[in-house]
Amino acid sequence: MSEQASIPLAGQLARFAAGLRRTPPPAEVTASVRQRVLDTLGLCAAAVDLPTSAAALAYVAEQGGVGQAHAFGLTDPVPAPLAAFANGVLAHSLDYDDTHLPSVLHPSASVIPAALAMAEQTRASGREVIAAVAAGLEVCVRTGMAGYDRSLGNSVFFEHGQHATSICGALGAAVSAAMLLGLDETGIRDAIGVAASMASGIIEANRTGGTVKRIHCGWAAKAGLSAAALVRHGFTGPPTALEGRFGFFQAFLRGEYVPEEITDGLGVRWSVPEIFFKPYPANHFTHTAVDAARALRDRGLRPEEIASVRLGVPAAVVR
């Protein structure tokens, strides 16, 4: 067993993230991060007028505290974790946030609000922000892919009713925040371990209604900042927080995960440029149907000519 392979998963992710301070991400990753920051800011601005955005901003405004970072829709700065929460809610609320497949993750809506809030608090440089966002996105995607069952064709998180976006997003946000807070490799590892106890999100609202899903990415962003700050003040996480007997993957996936999705090619083969920008502001499972309808329209079919439609979808959508 190599020295790297003997290091617990959180430690390997922390070493990868810390290394980006010395060796910046490749050019294509840097370009991808810049696009995602711009995309996320646009989504936040577009979502400000939603009723749920007003509710989230009202919640943030009434908390008080030291002004450290800005939230879209509020004039005065608020504590950085609350800014991350607000902007994470807005980024996810239009269902237009970027998507990684096949993990079915929306990585940027948690990681970027967390990174920008911490960057504003710490007055980080643009280069530091890019490295932190790149690391956070990569951690989010890789932990999500570890829970993807290729034989099933679906995320095991989703099979269990869990929202992988916010669960893995909390880990990615913690990595970004820890880097921008200046934590060393051990501190980043501990931030992952602490955030693992804060990760959450269930998707029953997808089935029967409710707007709670819109807060998931905001909660993940806030959890990431909180985890990093708690580590800075002395809290620690278990080294085996991810793969341990009572760790993250056992708790969420009953031990059904693929560790190689986390470790293989880490730092060499990047997932960040493979994250898709959505063509439509809707759940990605609906996009093929939208494509089909557009194709029929382009062929001259008019709505009044349609008597009925049969739509085939993947089994996961039916469930």
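Just so you know, residue 1 is the first one in the sequence shown, and it goes up from there.
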Determine, stepwise, if the pair Asp291 / Tyr280 fulfils side-chain hydrogen bond (donor to acceptor under 3.5 Å, both in side chains).
CA-CA 10 Å; Asp291 283 339; Tyr280 313 118; 2.5 Å; yes
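- Under the 4.5 Å side-chain criterion, counting only non-hydrogen atoms from C-beta, Tyr96 is not in contact with Asp39.
- Counted by atom type alone, Thr236 and Asp190 present zero donor-acceptor pairs between their side chains at under 3.5 Å.
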After noting the C-alpha distance and the side-chain angles of Ser125 and Glu128, does the key distance pass the side-chain hydrogen bond (donor to acceptor under 3.5 Å, both in side chains) rule?
CA-CA 5 Å; Ser125 69; Glu128 290 169 329; 3.3 Å; yes
Before you tell me yes or no, could you show the steps for Val48 and Ser53 under side chain to side chain contact (heavy atoms under 4.5 Å, CB included), namely the whole-Å CA-CA distance, both residues' side-chain angles and the distance that decides it to 0.1 Å?
CA-CA 6 Å; Val48 165; Ser53 300; 5.6 Å; no
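- The pair Glu304-Arg302 meets the salt-bridge criterion, with a side-chain N (NZ, NE, NH1 or NH2) lying under 4.0 Å from an Asp/Glu carboxylate O.
- A donor-acceptor contact shorter than 3.5 Å is absent between the side chain of Thr286 and the backbone of Ala282.
- Within the 3.5 Å criterion, the main-chain N or O of Arg245 finds no donor-acceptor partner in the side chain of Gln250.
- Looking at heavy atoms from C-beta onward, Asp149 lies out of side-chain contact with Phe158 at the 4.5 angstrom threshold.
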With side chain to side chain contact (heavy atoms under 4.5 Å, CB included) as the test, would you mind laying out the steps for Val133 and Val129 before giving the verdict?
CA-CA 6 Å; Val133 170; Val129 173; 4.1 Å; yes
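- With values rounded to the nearest 0.5 angstrom, Leu266 atom CG is found 5.5 Å from Phe16 atom CZ.
- Distance alone, capped at 3.5 Å, places no donor-acceptor pair between the Ser110 side chain and the Ala173 backbone.
- At most 12 non-hydrogen atoms from other residues, nucleotides or ligands lie less than 6.0 angstrom from CD1 of Ile202.
- With His100 as the fixed residue, the side chain to side chain contact (heavy atoms under 4.5 Å, CB included) test singles out one of His106, His284, Met145: Met145.
- A salt bridge between Glu261 and Arg142 is absent, with no side-chain N of the basic residue lying under 4.0 Å from a carboxylate O of the acidic one.
- Rounding to the nearest 0.5 Å gives a distance of 10.5 Å between CD1 of Ile215 and OG1 of Thr52.
- Put simply, the side chain of Pro273 reaches to within 4.5 Å of the side chain of Val29, judged on heavy atoms.
- In this structure, Phe277 has no ring-ring contact (aromatic ring centres under 6.0 Å, His included) partners at least two apart in sequence or on a different chain.
- The side-chain heavy atoms of Leu253 and Gln162, taken from C-beta on, include a pair separated by under 4.5 Å.
- For residues 188-247, the pairs satisfying ring-ring contact (aromatic ring centres under 6.0 Å, His included) are Phe85-Trp219, His163-His216, with sequence neighbours left out.
- Counting heavy atoms from C-beta outward, Arg34 and Ile130 have side chains that approach closer than 4.5 Å.
- Between Val212 and Ala205, the closest heavy-atom pair is CG1-CB, 3.9 Å.
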Before giving the answer on side chain to side chain contact (heavy atoms under 4.5 Å, CB included), spell out for Val258 and Glu260 the whole-Å C-alpha distance, their side-chain angles and the decisive distance to 0.1 Å.
CA-CA 5 Å; Val258 184; Glu260 292 79 13; 3.4 Å; yes
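- Taking each heavy atom of Pro81 and Gln68 in turn, the nearest pair found is CD-OE1, 4.0 Å.
- Remark: the backbone N or O of Pro279 is not paired with any side-chain donor or acceptor of His287 at under 3.5 angstrom.
- Side chains of Phe252 and Ile167 form a contact here, defined as non-hydrogen atoms less than 4.5 Å apart.
- Ser166 and Gly201 get closest at one heavy-atom pair: OG-CA, 3.7 Å.
- Of the residues Pro239, Pro8, Pro238, the one that meets the side chain to side chain contact (heavy atoms under 4.5 Å, CB included) test with Arg189 is Pro239.
- Between Lys278 and Asp95 there is a salt bridge, since at least one side-chain N of the basic residue sits less than 4.0 Å from a carboxylate O of the acidic one.
- The hydrophobic cluster containing Leu311 also contains Phe285, counting ILVMFWY residues as joined when their side-chain heavy atoms lie under 4.5 angstrom apart, directly or transitively.
- The backbone N or O of Cys140 lies less than 3.5 Å from a partner atom in the side chain of Thr143, making a donor-acceptor pair.
- Remark: the backbone N or O of Leu181 is not paired with any side-chain donor or acceptor of Thr122 at under 3.5 angstrom.
- For the atom pair CD1 (Ile112) and OG (Ser176), the distance works out to 8.5 Å, reported to the nearest 0.5 Å.
- Note that the CG atom of Leu105 and the OG atom of Ser155 stand 7.0 Å from one another [nearest 0.5 Å].
- Between the side chain of Gln121 and the backbone N or O of Ala117, no donor-acceptor pair lies under 3.5 Å.
- With 3.5 Å as the limit, one finds a donor-acceptor pair spanning the side chains of Arg36 and Ser32.
- Checked by atom type and distance alone, the side chain of Glu138 pairs as donor or acceptor with a backbone atom of Ser271 at under 3.5 Å.
- Distance NZ/Lys213 to OG/Ser93: 9.0 Å, rounded to 0.5 Å.
- Counting all heavy atoms, side chain and backbone alike, Leu171 lies closest to Leu242 at CD1-CD2, 4.0 Å.
- Closest non-hydrogen pair, Met198 versus Ser226, comes out as CE-CB, 4.3 Å.
- Counting heavy atoms from C-beta outward, Leu43 and Asp97 have side chains that approach closer than 4.5 Å.
- Here Ser308 contributes atom OG and Ile306 contributes atom CD1; the two are 9.5 Å apart, rounded to the nearest 0.5 Å.
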Test Leu183 against Val231 for side chain to side chain contact (heavy atoms under 4.5 Å, CB included), laying out the working first.
CA-CA 8 Å; Leu183 300 185; Val231 169; 3.8 Å; yes
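- Put simply, the side chain of Gln12 never gets that close to the backbone of Thr263: no donor and acceptor are under 3.5 Å apart.
- The shortest distance between side-chain heavy atoms of Val89 and Cys217 does not fall below 4.5 Å.
- Using the six-membered ring where Trp is involved, Phe249 and Phe157 have ring planes that are tilted, between 30° and 60° apart.
- When all heavy atoms are compared, the tightest approach of Ala196 to Phe248 is CB-CD1, 4.2 Å.
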